[in-house]
Trainee: 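Structure incoming, see below.
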There are 2 protein chains.
Amino acid sequence: MERLERLIGHFSRLPGIGKKSASRIAYWILEADHGFVDTFSQEMGEIQNHVTRCKECGNYAESELCVVCASPVRERHQMCVVEQPKDVATIESTGEFRGLYHVLHGVLSPLDGVGPEELGLLHMRERVAREGVHEVIVATNPTLEGDSTALYIQRMLNEEGVQVSRIASGLPVGGDMEYADKLSIARALRARQSV
Amino acid sequence: MERLERLIGHFSRLPGIGKKSASRIAYWILEADHGFVDTFSQEMGEIQNHVTRCKECGNYAESELCVVCASPVRERHQMCVVEQPKDVATIESTGEFRGLYHVLHGVLSPLDGVGPEELGLLHMRERVAREGVHEVIVATNPTLEGDSTALYIQRMLNEEGVQVSRIASGLPVGGDMEYADKLSIARALRARQSV
């Protein structure tokens, strides 16, 4: 059963899929609706050719501009900077933000040779000026690299007179103090707000 | 991002994959190696056309006979009856069985209109006689339907003078009495063996 073994191997390369799940899925595929498997495999094979990066913001796009950049109703004076395209989808799902995005596709990481230029920060600064953005919200992850990147962006854009903020980090809503790590609690304390 | 949304939808139809995992996988696919995605999607699209059922035993096969039925070294007087093709792979992985298989693709379920004929049990009886099988091990699942099917097969083949056994059920090796259900403990007690 070479073909089945190969398909199991392919599925087990996907993130979060172990050997057992891969096997279960491959056997399921064998018995699945033919039309579904046809459409699924074809669209998966084509997606890399049809989805590219928006030339403005770096988000995934199906044409030159992504849906956000191409939209006439977004507030263009606000910009949210994120690490990855999926972060855009996450923020969009909250419905809390109506401005533009900028996707870095990474973070500053000098040891890996990723400096401001590699991360496209100069292009971003030029874009901020061109679009007339007043406020930039940096939503990189609350990690060491995410924080350094945020700091760099803040200094770079403050020079240009742009207001830069960082999304808050602290305890997750619905979370329990008992399960939070010390760093998150420390940050939550430092960022305390009057109620 | 219609294409990406559709791909997420496809992945979330797979067994054991929720909306969040599907999204993570689809984003991963977008950035994955092109060669991998090409091969993966192509082989998935083709598998249903290349993998059929063995005309002898019902197991998945890439030609008329499956690898087990086509093998000259299997012991043809022993036959293991299972519900699904994946059960063959599971038993093969133990290396404990060197005989033939017979895959029912289901169990007896009169309420769903699945009787002995629909399950191909008459074809199986004919095959047992033709191959000269002496011993049949019924490895259907230890469920109500699996047990009824085993009982039916036992009665049918005992008439033909074939020895029929049922795989043991009891506590899983490495399992803990505390987490076992009452039925499994009851069965394990009934099937106790002297040490």
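Everything numeric here is computed off the predicted structure, so don't read it as measured data. Only this structure's heavy atoms are used, side chains among them; waters, hydrogens and symmetry mates stay out. Within every chain, numbering begins at 1; the chains are lettered A, B, ... in the order of the sequence lines, protein sequences first and strands thereafter.
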Trainee: From Phe36(A) CZ over to Leu14(B) CG, what is the distance, rounded to the nearest 0.5 angstrom?
Mentor: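 Interatomic distance, Phe36(A) CZ to Leu14(B) CG, rounded to 0.5 Å: 5.5 Å.
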Trainee: Any chance you could measure Ser21(A), atom OG, to Ile17(B), atom CD1, to the nearest 0.5 Å?
Mentor: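 That separation rounds to 6.5 Å.
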Trainee: Check the pair Glu31(B), Tyr60(A) against side chain to side chain contact (heavy atoms under 4.5 Å, CB included), reporting the backbone distance first and the verdict last.
Mentor: CA-CA 11 Å; Glu31(B) 299 288 338; Tyr60(A) 290 139; 2.3 Å; yes
Trainee: Would you say CZ of Arg24(A) has more than 12 non-hydrogen atoms from neighbouring residues, nucleotides or ligands within 6.0 angstrom?
Mentor: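 Atom CZ in Arg24(A) is not crowded, with 12 or fewer foreign heavy atoms closer than 6.0 Å.
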Trainee: Would you check if the side chain of Gln48(A) reaches a backbone N or O of Ile29(B) as a donor-acceptor pair within less than 3.5 Å?
Mentor: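 Between the backbone of Ile29(B) and the side chain of Gln48(A) there is a qualifying donor-acceptor contact (under 3.5 Å).
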Trainee: Apply the test side chain to side chain contact (heavy atoms under 4.5 Å, CB included) to residues Glu43(B) and His10(A): give CA-CA distance (whole Å), side-chain angles for both, the deciding distance (0.1 Å), then the verdict.
Mentor: CA-CA 9 Å; Glu43(B) 297 198 351; His10(A) 297 328; 3.0 Å; yes
Trainee: Answer with yes or no whether the hydrophobic clustering places Leu65(A) together with Val51(A); edges join I, L, V, M, F, W, Y residues whose side-chain heavy atoms lie under 4.5 Å apart.
Mentor: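 No.
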Trainee: Between atom CD of Glu46(A) and atom CG of Asp38(B), what is the distance when rounded to the nearest 0.5 Å?
Mentor: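 Nearest 0.5 Å value for the CD-CG distance: 10.5 Å.
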Trainee: Testing the basics here: between Pro85(B) and Tyr27(A), what is the closest heavy-atom pair and its distance to 0.1 Å?
Mentor: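 Taking every non-hydrogen atom into account, C-CE2, 4.0 Å.
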Trainee: With a 6.0 Å cut-off (strictly less than), is the heavy-atom count around CZ of Arg130(A), excluding the residue itself, greater than 12?
Mentor: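 Enclosed.
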Trainee: Could you pull out the closest heavy-atom pair between Ser41(A) and Gly45(B), with the gap in Å?
Mentor: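 That would be OG-CA, 3.3 Å.
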Trainee: Take atom CD of Glu160(B) as the centre, draw a 6.0 Å sphere, and report whether it contains more than 12 heavy atoms from other residues, nucleotides or ligands.
Mentor: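 Counting neighbours around CD of Glu160(B), more than 12 heavy atoms of other residues, nucleotides or ligands fall under 6.0 Å, so yes.
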Trainee: Rounded to the nearest 0.5 Å, what separation is found between the CG atom of Leu4(B) and the NZ atom of Lys86(A)?
Mentor: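 Interatomic distance, Leu4(B) CG to Lys86(A) NZ, rounded to 0.5 Å: 11.5 Å.
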Trainee: Is there a path of hydrophobic side-chain contacts, each under 4.5 Å between heavy atoms of I/L/V/M/F/W/Y residues, joining Leu104(B) to Val138(B)?
Mentor: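 Looking at the clustering, Leu104(B) is in the same group as Val138(B).
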Trainee: Could you tell me if the side chain of Glu62(B) sits less than 4.5 Å from the side chain of Arg3(A), heavy atoms only?
Mentor: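 Touching, per the 4.5 Å side-chain cut-off.
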Trainee: For a quick test of reading the model, state the closest non-hydrogen atom pair linking Leu7(A) to Ile47(B) and the distance between them.
Mentor: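 Smallest interatomic distance, heavy atoms only, reads CD2-CD1, 3.8 Å.
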Trainee: Are Val114(A) and Met156(A) linked, directly or through intermediate hydrophobic residues, by side-chain heavy-atom contacts shorter than 4.5 Å (ILVMFWY only)?
Mentor: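 Result: yes, single cluster for both.
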Trainee: Quick check: is Ile8(B) connected to Ile25(A) through a chain of hydrophobic side chains (ILVMFWY, heavy atoms under 4.5 Å apart)?
Mentor: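 Both belong to a single hydrophobic cluster.
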Trainee: Under a 4.5 Å side-chain heavy-atom rule over Ile, Leu, Val, Met, Phe, Trp and Tyr, are Trp28(B) and Phe11(A) clustered together?
Mentor: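 As far as the 4.5 Å side-chain criterion goes, Phe11(A) and Trp28(B) are connected within one cluster.
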